[in-house]
Amino acid sequence: MKKSILAIGLALAVLAASAFGAGQKMTCRETGKTMDKCCCEMKDGKFYCKLTKKTYDQCCCDMK
């Protein structure tokens with residue numbers, strides 16, 4: 001149940017990011033890098049950041 005809620009949350013975040021268009025950027029709170037799409041993916045029920053190669057309870061990306 002918790003895993004599916006996290007997956008739905010990530011999917012909604014990705015959809016929201018694409019809805020705002022190319023003008024919106026994502027920023028990784030851990031590295032400070034700005035990118036076009038979120039650097040997190042779901043792995044074993046946690047958010048896995050491809051930049052830091054670590055898992056987190058919450059997505060580490062913020063909309064800018």
Side-chain angles (χ1 to χ4, degrees):
M1 177 82 172
K2 186 176 181 181
K3 197 175 195 181
S4 63
I5 291 172
L6 289 174
I8 291 170
L10 180 61
L12 289 174
V14 170
L15 287 174
S18 63
F20 286 107
Q24 295 288 334
K25 299 281 186 176
M26 301 291 279
T27 303
C28 179
R29 286 190 303 267
E30 301 299 318
T31 63
K33 285 189 174 186
T34 302
M35 61 220 116
D36 292 328
K37 63 180 186 173
C38 182
C39 60
C40 288
E41 61 185 36
M42 289 301 290
K43 192 177 229 183
D44 297 326
K46 299 234 179 198
F47 290 97
Y48 175 75
C49 177
K50 294 182 258 182
L51 299 176
T52 62
K53 298 186 179 17
K54 294 181 182 178
T55 56
Y56 301 96
D57 289 330
Q58 296 179 1
C59 181
C60 62
C61 292
D62 289 323
M63 294 287 292
K64 284 279 180 173

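As a basis for the values below, the full set of heavy atoms in this structure was taken, side chains included, without hydrogen atoms, waters or symmetry mates.
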Q) If you draw a 6.0 Å radius around CD in Glu30, do more than 12 non-hydrogen atoms from other residues or ligands fall strictly inside? A) yes
**Q.** Separation of Tyr48 OH from Lys54 NZ (nearest 0.5 Å)
**A.** 11.0 Å
**Q.** Approximate separation, where rounding is to 0.5 Å, of Cys38 SG and Lys50 NZ
**A.** 8.0 Å
Q. When rounded to the nearest 0.5 angstrom, what distance separates SG in Cys59 from CZ in Arg29?
A. 7.0 Å
Q. Hey, are the side chains of Asp57 and Lys46 touching, using non-hydrogen atoms and a 4.5 Å cut-off?
A. yes
Q | Side-chain touch Lys25/Met35, heavy atoms, less than 4.5 angstrom | A | no
Q | Test side chain to side chain donor-acceptor pair (under 3.5 Å) applied to Thr52 - qualifying residues, sequence neighbours left out | A | Tyr56
Q.
Can you give me the closest heavy-atom contact between Lys37 and Met26, atom names plus distance?
A. C-CG, 3.9 Å
**Q.** Cys28 SG to Leu51 CG distance, which is reported to the nearest 0.5 Å
**A.** 5.0 Å
